[in-house]
Amino acid sequence: MKVKSKKKITPYCYLFFSIVSFLLLIVYPLLYTFYISLTNLGTGHILNCTEAKKIILEEVIYPDNAAILDFNILEKNNAFILYMKQSERKAYQIFLPRNTQTEEILTGTQISIDEYKKLSSCKNTATSEQFIEHLTHLERTTFQIENRIYKLTSLTTLSEVQKRYKELNTSTIIDTKTNSTYQPDFSTGYFETPSGDRLLPGFVTRIGFQNYLNFFKGTSFGIPFLKIFLWTLMWAAGSTISAFIFGLILASLLSSQTIYGKKIFRVGFLIPYAIPVFLSAMVWSAIFNFSFGPMNKLVSYILHIKIPWLLDPLWAKLACLMVGLWVGFPYMMLICLGLIQSIPQDLYDAAKIDGAGFIHRFTKITFPSLYKPMLPILIGTFAFNFNNFNLIYLFSGGNPPMVDTNTMGGETDLLISYTYKLAFGPSGSNNFGLASAIAVIIFILIASMSIFNFKISGVFKEEESL
Amino acid sequence: MLNRIKKKSIAICSNLILLFFLLIVLYPVYFIMITSFESSDTLVIEFSVQNFSLDNWKYILGIDYINTVTQEVVRSPYPFIIWFKNSIKIASITAAIVLFICTLAAYGLYRFTFFGKKYFLISLIILQMFPSMMGMVALFLLLSKLGTFFPWFGLDTHAGLILTYLGMTPFFIWLTKSYFSTIPKSIVEAAMIDGCKEFTIFYSIILPLALPMLVVIFILVFITVFSDFVIPSILIKDPKLLTFAVGMREFISAYDIRWGKFAAATILGGLPIVIIFMITQKFLVQGLTKGSVKE
């Protein structure tokens, strides 16, 4: 009996936390990622237009006959001042450390500096450390002294600078040196002259479905998406099917009545499942190590050669599949064991009487009765392996690198690990926009696979009957 | 007679085959075990320990020992034990919170019909497929915003990390819900006739009945969080707050891999889950097959 709650609010009470966490942690990131995938966010395009303009306008050049001021840093009882003497009666000073303003307007006054000592840069390590620390703060500062702008140029001098760019109106910047004008181009995300010269940094702008087009065009970044995609499919299918077959063999062997020490076998075969993947992946990469790994020791003992596991694309892929098998089969074995136990024993007895052998019984009874309930699980595992980032990233790291292209992608990179490298990778050129677009595409692929899966297993039907 | 011999030989054969497979499957575990007790810091490719020593274990557990070559007292600069504790703490707290949220939600879905239920369920399971790692940019910004209001909740905190992990609840809501629906409705009806309040039914009837499933969910969440590498590596920077997985990765990439120590740390890291597995093996088989397989 389903309850139509009298108080309409009751079911929502039970669901409150799940709805909040769902919206906050799944829906919001999903929408945000979709939004990013429509922009060019990435290295060189982090700021928005106004922020980028502000940075550009701060750029300075040294005029030909720049004025130069000498300065000292003085110290008294751990109080510091930056001191510039101009004449006997006039000097400029700031007390250090300053708060983090980047512009300082100085007016000339005279204070008594009799008790202050000069802080030298090379007296001893303690003072030079203090000296350097003050300088790093001052480096970012521009000083305005009598209508001139100064910047730190050496350990002892400030020199006069001029701003290079001026703002003509809200959308135009003029270069005072060359008199060329720059305007923001919202399709490329740069301030550009009509002839296409660009100012750095660029800014974030919406570029529509450009990222998606780049993905499908494939080679526009020199990225062999197709290659990675095919390997991802191969890996997901291969590791799932091999794990299923091995798990099934073990399960049917284990469920025959003539096995001694079933419990030991069952626990033993479950151990790979119990070891966290991040650990087993790293252990396996040690085992496959070219010069020290036990795998090569064994191979060279038998065949007198060493196999370049993880160095050669083909062998690396094979190694990945082997590890995928090792990690994946216990789960399959567990499920198969459960399913085989649910097959009525009478069927087997009847078959035996009819003279069916072990193989016959397997192909005619066990396999057909496993096929239907296994299908959703196989698809689910396929989807999981499709995104099995942890294993690939920690086992091979996507290596070996692809030789014929200048990308960070490797031969064993899955789409997901490649996307990770694009977005968070150490290469120094992160392309969040493209990475997000690939993430959305992966999501659509996996989601449609799952919908298909639920259709097969009848999950939706069950909900419709409610 | 012949038949019996044939039967016997088949039995022996299948036993031998299983044994053979077991040895292959467990070789990596054995390999890492002997490497961890080896005194030299290289990979061991013999089949037994050559020079037995506990130095690697002392290094991992933060105990001083004397290096046999240089005669110096060595203490590990890596807080393995702290990382280990962090991981256990984060994984168990996350598992507890996920259990709390998903049992409540599953009960709500099991007992009531309400507006939008079907669509909520479907969107729950489908949007869940979004690779959580790719939402990290958004979650990163979310946490840094949260951190300005509640400092203990932001980036570089365990609370923030746990919050991000709660994104995995929808999957477990489904699992719990499908397990709940195997509980006969007559039990609930009897309780209602006896005048039980809604929450009492949930707390003292449904929850105890679903215990095997709850154990399985706890373990699954624990394993997922314990082995996760990506999310903490993006959110946590403070070395003292790192989780075991990220810490290990850092340890490995920082040095030109020291296998002995790595092996000892691996065993330490694998231990909690193996132990939990051994204890709850029965539940696991039950819960996994019942939760995932539709008859």
Side-chain angles (χ1 to χ4, degrees), chain A residues 1-5 10-11 14-15 17-18 21-22 25-30 32-33 36 253 256 258-260 265 268-272 274-279 282-284 286-287 292 294 297 334-335 338 373 377 387 389-390 416 419-420 424 432 439 442-443 446-447 450 457-458 463 466, chain B residues 11 14-15 17-18 21-22 25-26 28-29 31-32 42-43 45 101 104-105 107-108 111-114 118 121 124 126-131 133-135 137-139 164 166-167 169-170 173 185 189 198 223 226-227 229-230 234 245 252 259 266 269-270 273-274 277 285 288-289 292-294:
Chain A
M1 183 178 70
K2 281 280 161 187
V3 180
K4 261 253 159 49
S5 177
T10 321
Y14 285 96
L15 288 167
F17 291 109
S18 54
S21 67
F22 180 60
L25 300 171
I26 294 185
V27 178
Y28 157 72
L30 178 62
Y32 191 83
T33 309
I36 292 176
L253 280 175
S256 73
T258 50
I259 298 296
Y260 314 108
F265 277 126
F269 282 124
L270 271 184
I271 283 181
I275 297 174
V277 173
F278 75 93
L279 290 174
M282 291 193 272
V283 170
W284 274 105
I287 290 177
F292 313 113
K297 166 113 177 168
L334 261 185
I335 306 274
I377 291 172
N387 280 340
F389 173 82
N390 274 344
I416 188 86
T419 315
Y420 177 84
F424 308 107
F432 291 111
I442 294 177
F443 167 64
I446 297 290
S450 310
S457 55
E463 295 318 322
L466 290 179
Chain B
S14 48
N15 267 299
I17 293 173
L18 274 180
F21 281 147
L22 189 68
V25 162
L26 291 189
V29 181
F31 157 71
I32 224 66
T42 51
L43 281 178
I45 28 187
I101 294 179
L104 272 181
Y107 184 73
R111 282 283 289 158
F112 308 107
T113 51
F114 52 88
K118 188 183 144 195
L121 267 169
L124 210 60
I126 290 177
L127 294 189
Q128 157 86 26
M129 300 288 153
F130 185 68
M133 190 177 93
M134 290 322 302
V137 180
L139 288 173
T164 7
L166 295 185
T169 33
I173 292 177
K185 293 274 153 57
E189 281 160 26
E198 211 45 76
I223 294 178
F226 192 85
S227 356
F229 161 77
V230 187
I234 294 173
I252 286 202
W259 294 109
T266 302
I273 295 178
V274 173
F277 246 67
V285 177
L288 272 181
T289 30
S292 51
V293 181
K294 293 268 162 217

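In what follows, chains carry the letters A, B, and so on, assigned in the order in which the sequence lines appear, proteins first and then strands, with residues in each chain numbered from 1.
Contacts between L30(A) and chain B at a heavy-atom distance below 4.5 Å involve backbone atoms as well as side-chain atoms. With a 4.5 Å cut-off on non-hydrogen atoms, I173(B) touches chain A through its side chain but not through its backbone. Proximity to chain B (any heavy atom under 4.5 Å) is shown, for Y260(A), by both the backbone and the side chain. If you measure heavy-atom distances from I271(A) to chain B, the contacts under 4.5 Å come from the side chain alone. Both the backbone and the side chain of V283(A) come within less than 4.5 Å of a heavy atom of chain B.
Under the side-chain contact (heavy atoms from CB on, under 4.5 Å) criterion, T419(A) pairs with A435(A), I438(A), I442(A), M134(B), not counting sequence neighbours. Scanning for side-chain contact (heavy atoms from CB on, under 4.5 Å) contacts around V25(B) gives F246(A), F269(A), P272(A), W326(A), F329(A), with sequence neighbours left out.
Comparing P28(B), G108(B), P170(B) by how many heavy-atom pairs each has under 4.5 Å with chain A, the most go to P28(B). Residue with the most contacts toward chain A among L166(B), V29(B), L124(B), T164(B): L124(B) (heavy-atom pairs, distance under 4.5 Å).
Aromatic pair Y107(B)/Y14(A): centroids less than 6.0 angstrom apart.
Put simply, the side chain of L127(B) reaches to within 4.5 Å of the side chain of F443(A), judged on heavy atoms. Within the 4.5 Å cutoff, side-chain heavy atoms of I234(B) are placed close to those of Y420(A).
Summarising the geometry, atom CG belonging to L279(A) is positioned 9.0 Å from atom CD1 belonging to I32(B); distances are rounded to the nearest 0.5 Å.
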